[in-house]
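Below is one structure, written out as structure tokens, with a few remarks after it.
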Amino acid sequence: MKPERPRPMLRGKRVGLLFYETSTRTRASFEVAAKSLGAITTLIQSAGSSIEKGESLIDTGATLRAIGMDILVVRHPNSGAPHLLARHLGIPIINAGDGMHEHPSQALLDAYTILRHKKKIAGLQVAIIGDIFHSRVARSNIHLLSKLGAKMTLCGPPELLPELATTLAPGLTLVRHLEDAVRGADVVMLLRVQKERLDGLRVHIYDYVTRYQMTPARLKLAKRDAILMHPGPAIRGLELEGDLADSPQSVIREEVKNGVPVRMAILARAGGKTR
Ligand code: CP
């Protein structure tokens with residue numbers, strides 16, 4: 001898939017973008033992807049729609065299907081919301097991030113980005129650092145990259161990375177010191193500190209920055225050709241030292257760019273087109 005060469009594989013199809021949560025990258029890239037395939041898109045956000053009046057998720061989905069949507073791309077704060085819609089609506093539902101559960105299209109675009117740099121994923125040393133507990137991006141990447149043979153190390157404080165995380169996939173390693181995770185890594189993946197989900201947890205931002213912020217000196221522990229990833233939005237000065245996002249090792253913008261062709265492929269498949 002190449003966004004600069006539109007393919008009318010979904011001409012005449014209608015794609016609904018049903019977003020109950022904020023988004024920049026996922027929403028815009030699904031929209032560009034759908035339009036690059038010739039589809040018509042409609043954006044429905046909770047603010048300004050009948051969701052504010054109390055309409056249920058299933059009723060909202062059924063309403064959009066009645067209007068003529070062929071595919072729904074759904075982001076929702078509750079884990080399992082896209083699955084619930086898929087069970088009730090009988091049209092393709094694409095998970096654009098559900099609660100603390102999964103963000104599969106992000107993991108696919110991350111895997112694609114890694115492949116563009118590393119040729120193969122099997123055997124790569126991948127370190128995921130930060131708020132793994134709340135992160136749907138981490139969960140989807142752990143499932144996908146483990147399945148593809150990466151050796152994965154998870155790193156964070158106990159409040160954001162419980163021991164239970166090692167049960168997410170076979171062969172995961174858990175460490176508490178950032179240096180142990182980064183040393184010798186091929187891929188270093190940072191996660192956003194989700195301040196909106198930290199209520200009630202004993203996480204002090206100053207301590208987090210001191211122990212887990214990525215700095216040029218810490219990144220030097222990784223392999224010389226290691227790539228630095230972040231699903232975004234990256235909070236400069238928190239997960240990473242400000243300029244690191246723009247360093248030669250950073251592929252953060254590439255991840256965003258790769259979201260479009262990867263989501264074109266997802267939409268084409270959902271629409272029943274594979275060629
Ligand atoms: N990575 C990601 O899901 O970003 P958005 O929340 O901006 O879509």
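Keep in mind that this is a model prediction, so the values were computed, not measured. By convention here, the first residue in the shown sequence is residue 1. In what follows, every heavy atom counts, from backbone to side chain, and hydrogens, waters and symmetry copies are set aside.
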Which pair of heavy atoms, one from R25 and one from R263, lies closest together, and at what distance? O-NH1, 4.1 Å

If I take atom CD from residue Q45 and atom OG1 from residue T22, how far apart are they, to the nearest 0.5 angstrom? 9.5 Å

Are H117 and E254 close enough that some pair of their side-chain heavy atoms sits under 4.5 Å apart? yes

Could you check whether any side-chain N or O of E102 sits under 3.5 Å from a backbone N or O of R136, counting only pairs where one atom can act as donor and the other as acceptor? no

Does one side chain, of R14 or T42, offer a donor that lies under 3.5 Å from an acceptor on the other? no

Side chains of residues 76-83: which donor-acceptor partners sit under 3.5 Å, not counting sequence neighbours?
residue, atom, partner, partner atom, Å
H76, ND1, N78, N, 3.0
S79, OG, M100, N, 3.4

Take Y208 and D131 through the test side chain to side chain contact (heavy atoms under 4.5 Å, CB included) and record every step on the way to the result. CA-CA 10 Å; Y208 183 89; D131 183 0; 5.6 Å; no

Heavy atoms only: give me the nearest S105-I266 pair and the separation to one decimal. CB-CD1, 3.6 Å

Would you indicate whether the side-chain heavy atoms of T215 and L219 approach each other to under 4.5 Å? no

Main-chain N/O of E55 paired to D59 side chain as donor or acceptor, under 3.5 Å: no

Tell me, do I132 and L160 make a side-chain contact under 4.5 Å, heavy atoms counted? no

Do L85 and T60 have side chains that approach each other closer than 4.5 Å (heavy atoms only, starting at C-beta)? no

So, applying side-chain contact (heavy atoms from CB on, under 4.5 Å) with T153, which one of T173, I128, D180, V188 is it? T173

Given the rule in the side chain to side chain contact (heavy atoms under 4.5 Å, CB included) test, do L148 and L124 qualify, once you have shown the distances and angles that lead to the verdict? CA-CA 10 Å; L148 296 174; L124 287 183; over 6 Å; no

Do any N or O atoms from the side chain of T26 and from the backbone of S23 form a donor-acceptor pair under 3.5 angstrom? no

Evaluate the side-chain proximity of K13 to I40: yes if any heavy-atom separation is below 4.5 Å, no if none is. no

Using a distance-only test with no angle check, is there a side-chain donor-acceptor pair under 3.5 angstrom linking H103 and R75? yes

Would you please say whether a donor-acceptor pair under 3.5 Å links the side chains of D98 and H101? yes

About how many Å separate CG of L109 and NZ of K257, when rounded to the nearest 0.5 Å? 13.0 Å

Could you check whether any side-chain N or O of S146 sits under 3.5 Å from a backbone N or O of H143, counting only pairs where one atom can act as donor and the other as acceptor? no

What verdict does the side chain to side chain contact (heavy atoms under 4.5 Å, CB included) test give for T113 and M229, after you've listed the backbone C-alpha separation in whole Å, the side-chain angles of each residue and the deciding distance to 0.1 Å? CA-CA 9 Å; T113 304; M229 307 183 80; 4.0 Å; yes

Please examine the side chains of L145 and M152, heavy atoms only from C-beta on, and report whether any two atoms are closer than 4.5 Å. yes

d(F30 CZ, K35 NZ) to nearest 0.5 Å is 14.5 Å

Is it true that a side-chain atom of R253 and a backbone atom of A245 form a donor plus acceptor pair closer than 3.5 Å? no

Of all heavy-atom pairs linking L161 and G156, the shortest is CD2-N, 3.3 Å

Contacts satisfying side chain to side chain donor-acceptor pair (under 3.5 Å) that involve residues 233-242 (not counting sequence neighbours) are H230-E239, R236-D246

Would you kindly confirm whether M1 and V256 end up in one hydrophobic cluster when ILVMFWY residues are joined by side chain heavy atoms under 4.5 Å apart? no

Could you give me the CA-CA distance, side-chain angles and deciding distance for M189 and N141, then say whether side chain to side chain contact (heavy atoms under 4.5 Å, CB included) is met? CA-CA 10 Å; M189 187 181 290; N141 266 304; 3.6 Å; yes

Donor-acceptor pair, E255 side chain versus D110 backbone, under 3.5 Å? no

Taking all atoms of both residues into account, what is the closest heavy-atom pair of I129 and Y212, and its distance? CG2-O, 4.2 Å

Smallest separation among heavy atoms of N258 and P261, with atom names: O-CD, 3.3 Å

Per the side-chain contact (heavy atoms from CB on, under 4.5 Å) rule, which among V73, L72, I71 passes with M69? L72

Hydrophobic cluster identity match, L89 and I44, side-chain contacts under 4.5 Å: yes

Side chain S247, main chain L244, donor-acceptor under 3.5 Å: yes

Are I67 and V15 connected in a single hydrophobic cluster, I mean Ile/Leu/Val/Met/Phe/Trp/Tyr linked by side-chain heavy atoms less than 4.5 Å apart? no

Note, L172 side chain near I142 side chain (heavy atom, < 4.5 Å): yes

Determine, for E31 against R27, whether the closest basic-nitrogen to carboxylate-oxygen distance falls under 4.0 angstrom. no

State whether the number of non-hydrogen atoms from other residues, nucleotides or ligands found under 6.0 Å of R176 atom CZ is greater than 12. yes

On a heavy-atom basis, the closest approach of I94 and A270 is CD1-CB, 4.0 Å

Using ring pair (Phe, Tyr, Trp, His ring centres under 6.0 Å) as the criterion, list what pairs up with F19, not counting sequence neighbours. none

Without swapping roles, check the side chain of K118 against the backbone of K120 for a donor-acceptor pair under 3.5 Å. no

Do side-chain atoms of T167 reach the backbone of L164 as a donor and acceptor pair under 3.5 angstrom? yes

May I ask you to test the H177-C155 pair for a side-chain heavy-atom distance under 4.5 Å? no

